[in-house]
Peer 1: 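Here it is, the structure in full.
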Amino acid sequence: MAETLLAALSALLSFEHLLYMLLGVSVGLVIGVIPGLGGIAGLSLLIPFLYGMDEISALAMLIGLVAVIPTSDTFSSVLMGIPGSSASQATVQDGFPLARQGQAARALSAAFISSMFGGIFGAIVLTGFVLVARPLILMFSSAELFMLALFGLSMVAVLAGRSLPKGLAACAVGLLIGSIGGAPATGEFRMILGFDYLYDGIPLVIIGLGLFAIPEISDLLRRNAAISSSPPLGAGWLMGFRDWWANIWLSMRCSGIGCMIGAIPGLGGSVVDWIAYGHAVQTCKNPETFGKGDIRGVVAPESANNAMQGGALLPTMLFGIPGSGSMAVFLGGMVLLGIEPGPAMVGADLNITYSVIWSLAVANIMGAGICLLLALPISRLTQIPFQLLAPFMIALIAFAAFQATRDLADLVALLSLGLLGVFMKRFGWPRPALLIGYVLAPQAETFFYQALQFYDWGFVARPGVIIIGLLTLASVVFGLRRRVDDTGHVVSADADLPEGEGGVKSRLPQLAFALAIAGVFVFALSDALGHSFLGAVFPGAVAVIGLVMSAILVPELWRGHRGHVSHFDAELTGDHVGQPGIGSLWGGLAWIGGLVAGTALVGFFLAMIGFFAVFLRVRAGAGWLRTGVLTACAAGFVLVLANALALNFPAGLLQDLVDLPWPFR
Amino acid sequence: MTNIFTLTRRGALSLALGAAAALGMTAPAQAEVSFAGKTIEWIIPFSAGGGSDTWARFNAPLLQKYLPGNPVVVVVNEPGGGSTKGTNLFAARAKPDGLTILGTSGSTQFPYLLGDPRVRYEYKDWKIAMAGPTGGVVYTSPKLGLEKPEDIAKLAGQKLVYASQGATSLDLVPLLGLRLLGLDVQHVFGFKGRGDGRLAFERGETNIDYQTSSAYLKNVVPLVEAGQAVPLFSWGALNEAGDLVRDPTFPDLPHFGEAYQLMTGKAPEGPDYEAYFAFFTAGFPAQKMVFLPKDTSDEIVAAYQAAFEAMKADPDYIANAEAVLGTYGQVTGALADALFEKGTSISPENRQRVVDLLAADYGVKLGD
């Protein structure tokens, strides 16, 4: 084994192989930086070039790409508060507040070093683990997987925010959104409202961008200022390293968690960052600073998400079961190279396995090194007035959103979830709770149903189930004690309020939103009643829990004393209230809505050009020359990317009437 | 001297032969069809990374090499609606100029055969360029008391569990097939793929399973050798007359029809078998198909068929075909026509039988 290991390493360390890896790493870094684009898009870019390449070079290139996406996606999470890919949603929680305080370079450096450590940790674990992993992976049956889904849901306890009913109701909304579309047990289509689009459910990228990116963009646009409210605090490089070193045990624990969750097939890595984040909050001293710019909230998820990629390679290579969307494409690439996953990967093809593992380690070092070099220049973006950045961000997230199904409906879904996200942010509803519910809904439902089918209720007595159950219980108990509170003041900082400000009248908007959410639960319940028992029981039960939470929340909002924990409306008590030059809450949404409406009329590409020109002239007040140059840059960039991805833009009315050449088609 | 001369002449000869062969391949189409400087969009109604996407990406560069004029061939993923969205798009938009082609899979054929309301495409409008058959082997756990395929009758009356991707997915074929054999099978739904299902078998949660040929060879044969699985039968293959024959990859295994005979003592027939046969054909022998739009000229269709035939001699094709395609060659011409016909036809009565069965026993509603 040691011989194979060394042979694989020396084969990899040839100039040619490293060059291909660097190519993969570079593409991965670029893809990771662009919000919403993840491994699937990156691998699709590279796969056409696999033809005629030797196995090791090709694998080095593909691994290089997969390995560094969770490294570079940190840029937009920290700098813009927009998750660069689903792997770094949790990084936003503390990374973005740090950037707002002018500590972007510090946060980025700590993140990259954590990422590198996590990636290498993953590779080391993989080296030892790959030979014995098969029986271990087979120990996780549907019953244990269901419990792991519950364990994931237990993180809601930490992330529920100040008001528990609100947090649980948000989680219930997520669980319901996650169960839109075909029921796992019967294939019945639930809550589709007659839209073809909803048959498959709403894609994760839309949820992530809608909930996190759009509210952030709207908020930044209102303030008309640069992202960072204070000047940058030095290079931050060394400080980032020291931050990581001070939390090395946390980083190691989170790498272990990431690796394990990646290795278990069927769980998917989409919540690994939240689980690591929750773990950090549950176990660290002084948890009250989380959510307000605590560096540990950056170290934890970033250690975990790179380690997860290593873990996720295990089921992909040993069983041919991809743990995530990007692993599915990686698997396709392996097959195109003539490598078939299976038991042979730890037998006759062990050299391939080890060259993959070594590639993973080397790529993580390359990726983190490049990112560290770029951290300082890129963090200057936070000093640019946001109205010049905004059209790029809006166009990019729209571009990323329609990667999901390449349809106008993707953009409409993005806008709708953006609206939900803006309201949730305004009224202090925890968006991470919704996201976790959304991601884990299909898993919880499917594995519960399967466990019952295979083992009946006896599954609760399985040792694995009991162990994970106890962990879950501990997680809930610890979590409830140490809830992250990242919402602002409950009452206005201003002590002497004008008469009547604290009255129920001022709470009407948040009351209306809570009632609208209760309406969602009523709708879900009535939809569930129209289905067979197996199709209805999960969404029905969730809707009932949601209604109970609403029944607690609504009276609290209606009658609760001033300053009650459930009361929150950023429009009354946020930092921006009363400051001059604050725009309307709806400005950002209106611009995005304009882009979507334009797309419906003339197709995405033309609409985007028009959007840029109008936005820069009207909103940013740029001159004609600047508008022209920036618009051309954006159009060129999107064209290059779309061409490389073999992508047709969503069409509008115009395209239905006239036959146009690409890219207008 | 003579020696050298002979060598050179041989070299020249082979060169000339090669050129002639290359010309010959494109000869029928050469008169009018050339895609020089054009880009061909190959619509795959699935997301990147799946089986159909890999299949198309394997074929695309070869198609580019052998189509007249060497156009650029790009794979365009249009996923959604269980592949109905991209296929609807092709049906509505593609022009008969040979520049847009569609790759379908069993998951595209099944909603069509079942009358899914999302289907707005008609197979019979299109021209087939190529069909890619696939096969699979059903195996079971030795704990049920079997040692060899001939013991299949021992399964009667035993409680079987199968890990299914869903009643209207490709796993409809084992659902109908095992039912036809009179076996008592509990189908547990919600699995993400056949690999996922194999894992459940290895964990001992299920005791009957099938894998497509290449996955079977790579992952199940080691289990058979270790005494942890017993092969039962292959689904079988179709010949040009449309008859069920043994799968050439597994000549020693009985095909489904033979297994039926072992179980019941008679050859399969009747409406239930016809219904099964339609879905079996759409799911296995005619699983992958490449189509040109309605009203495409015969010259263009011929150019595509010639290209798909010519690529089979390419070293790149030979090197990776088995990993991507399983052990089956891609076919054109009469056999492709036969597979196309059988894989996209079902009588209204048989369709109703299957829809009623799914609704009554598995609670499946095909949308509204």
Side-chain angles (χ1 to χ4, degrees), chain A residues 40-41 43-44 47-48 50-52 137-142 182 184-189 192 194 196-197 199-200 265-266 319-322 325-333 335-344 405-407 445-447 449-450 453-455 532 534-535 646-648, chain B residues 39 41 47-51 53-54 57-58 60-61 74-82 84-85 88 95 118 161 163 166-169 186 188-193 195-196 198-200 202-206 214-215 217-219 222 316 319-320 322-324 358 362-368:
Chain A
I40 300 177
L43 286 165
S44 315
I47 279 188
L50 289 187
Y51 246 70
I137 288 177
L138 283 174
M139 277 165 51
F140 285 89
S141 75
S142 45
T186 60
E188 287 164 277
F189 293 106
I192 50 173
D196 277 7
Y197 181 77
Y199 273 69
D200 296 338
F319 296 96
I321 298 173
S326 54
M327 277 298 140
V329 186
F330 177 70
L331 193 65
V335 171
L336 282 178
L337 290 167
I339 306 168
E340 262 190 283
T405 70
R406 306 190 165 181
D407 197 273
E445 183 181 10
T446 308
F447 293 135
Y449 151 77
Q450 289 179 353
Q453 292 279 312
F454 287 136
Y455 305 103
S532 70
L534 279 177
L647 177 80
N648 287 326
Chain B
T39 297
E41 289 194 355
S47 41
D53 179 65
T54 308
R57 286 179 196 277
F58 166 75
V74 292
V75 175
V76 180
N77 300 94
E78 294 278 4
T84 56
K85 187 202 138 205
N88 285 337
K95 286 190 285 291
R118 286 173 293 173
V161 188
T168 56
S169 74
Q186 176 194 5
V188 179
F189 299 109
F191 283 82
K192 294 286 178 295
D196 214 11
R198 189 182 66 241
L199 223 57
E202 290 192 48
R203 289 195 295 254
E205 291 181 324
T206 68
S214 49
L217 291 172
K218 199 84 178 175
N219 288 295
D316 277 338
N320 288 341
E322 190 159 336
V324 180
L358 289 176
Y362 302 99
V364 172
K365 280 179 259 172
L366 289 163
D368 302 301

Peer 1: Show the nearest heavy-atom pair for residues B:Arg57 and A:Ser44, with the distance to one decimal.
Peer 2: NH1-O, 4.2 Å

Peer 1: Under the side-chain contact (heavy atoms from CB on, under 4.5 Å) rule, what do B:Glu41 and A:Asn648 come out as? Steps first, then yes or no, please.
Peer 2: CA-CA 10 Å; B:Glu41 289 194 355; A:Asn648 287 326; 3.4 Å; yes

Peer 1: Sort out for me which of B:Thr39, B:Leu199, B:Val74 touches chain A most, counting heavy-atom pairs under 4.5 Å.
Peer 2: B:Leu199

Peer 1: Can you list the steps and then say if A:Thr186 with B:Tyr362 is a side-chain contact (heavy atoms from CB on, under 4.5 Å)?
Peer 2: CA-CA 6 Å; A:Thr186 60; B:Tyr362 302 99; over 6 Å; no

Peer 1: What residue, out of A:Ile339, A:Asp200, A:Val329, has the most heavy-atom pairs lying under 4.5 Å from chain B?
Peer 2: A:Asp200

Peer 1: On a heavy-atom basis, which atom in A:Ile40 and which in B:Ala48 lie closest, and how many Å separate them?
Peer 2: CG2-CB, 4.3 Å

Peer 1: Just verifying a value: how many Å separate B:Asp196 CG and A:Thr446 OG1, rounded to the nearest 0.5 Å?
Peer 2: 10.0 Å

Peer 1: Which atom pair, heavy atoms only, marks the closest approach of A:Phe319 to B:Arg198?
Peer 2: O-NH2, 2.6 Å

Peer 1: Rounded to the nearest 0.5 Å, how far does CZ of B:Arg118 lie from CZ of A:Phe189?
Peer 2: 4.0 Å

Peer 1: Kindly indicate, with the supporting measurements, whether the criterion side-chain contact (heavy atoms from CB on, under 4.5 Å) is fulfilled by B:Asn320 and A:Leu336.
Peer 2: CA-CA 7 Å; B:Asn320 288 341; A:Leu336 282 178; 5.9 Å; no

Peer 1: Show the nearest heavy-atom pair for residues B:Gly195 and A:Ile321, with the distance to one decimal.
Peer 2: O-CD1, 3.4 Å

Peer 1: Where on B:Val188 is there a heavy atom nearer than 4.5 Å to chain A: the side chain, the backbone, both, or neither?
Peer 2: both

Peer 1: Given a strict heavy-atom distance threshold of 4.5 Å, which part of B:Pro79 is in contact with chain A: side chain, backbone, both, or neither?
Peer 2: both

Peer 1: Given that the side chain runs from C-beta out, which part of B:Ser214 has a heavy atom under 4.5 Å from chain A: side chain, backbone, both or neither?
Peer 2: both

Peer 1: Counting only heavy atoms closer than 4.5 Å, note whether A:Leu337 contacts chain B via side chain, backbone, both or neither.
Peer 2: backbone

Peer 1: Contact part of A:Pro341 toward chain B, heavy-atom cut-off under 4.5 Å: side chain, backbone, both or neither?
Peer 2: backbone

Peer 1: Look at B:Ser47, B:Pro61, B:Gly80 and state which one has the largest set of heavy-atom pairs under 4.5 Å with chain A.
Peer 2: B:Pro61

Peer 1: Where on A:Ser326 is there a heavy atom nearer than 4.5 Å to chain B: the side chain, the backbone, both, or neither?
Peer 2: neither

Peer 1: Taking all atoms of both residues into account, what is the closest heavy-atom pair of B:Glu205 and A:Ser141, and its distance?
Peer 2: OE2-CB, 2.9 Å

Peer 1: A:Tyr455 versus chain B, heavy atoms under 4.5 Å apart: side chain, backbone, both or neither?
Peer 2: side chain

Peer 1: Got a second to check how far A:Glu340's CD is from B:Glu322's CD, nearest 0.5 Å?
Peer 2: 7.5 Å

Peer 1: Let me see the working for B:Lys85 and A:Asp407 under side-chain contact (heavy atoms from CB on, under 4.5 Å), right down to the final yes or no.
Peer 2: CA-CA 10 Å; B:Lys85 187 202 138 205; A:Asp407 197 273; 3.5 Å; yes

Peer 1: To the nearest 0.5 angstrom, please state how far the CZ atom of A:Arg406 sits from the CG atom of B:Asn77.
Peer 2: 5.5 Å

Peer 1: Does any N or O in the side chain of B:Arg203 come within less than 3.5 Å of the main-chain N or O of A:Met139, such that one atom is a donor and the other an acceptor?
Peer 2: no

Peer 1: Measuring heavy-atom distances to chain B, does A:Tyr197 have an atom under 4.5 Å in its side chain, in its backbone, in both, or in neither?
Peer 2: neither

Peer 1: Tell me, out of A:Phe140, A:Phe447, A:Phe330, who's got the most heavy-atom pairs with chain B below 4.5 Å.
Peer 2: A:Phe140

Peer 1: Among A:Gly187, A:Gly320, A:Pro343, which residue has the highest count of heavy-atom pairs closer than 4.5 Å to chain B?
Peer 2: A:Pro343

Peer 1: Could you tell me the separation between the CZ atom of B:Phe189 and the CD atom of A:Gln453, rounded to the nearest 0.5 Å?
Peer 2: 8.5 Å

Peer 1: Please state whether the side chain, the backbone, both or neither of A:Ala344 comes within less than 4.5 Å of a heavy atom of chain B.
Peer 2: side chain

Peer 1: Which bit of B:Val364 comes within less than 4.5 Å of chain A, counting heavy atoms only: side chain, backbone, both or neither?
Peer 2: both

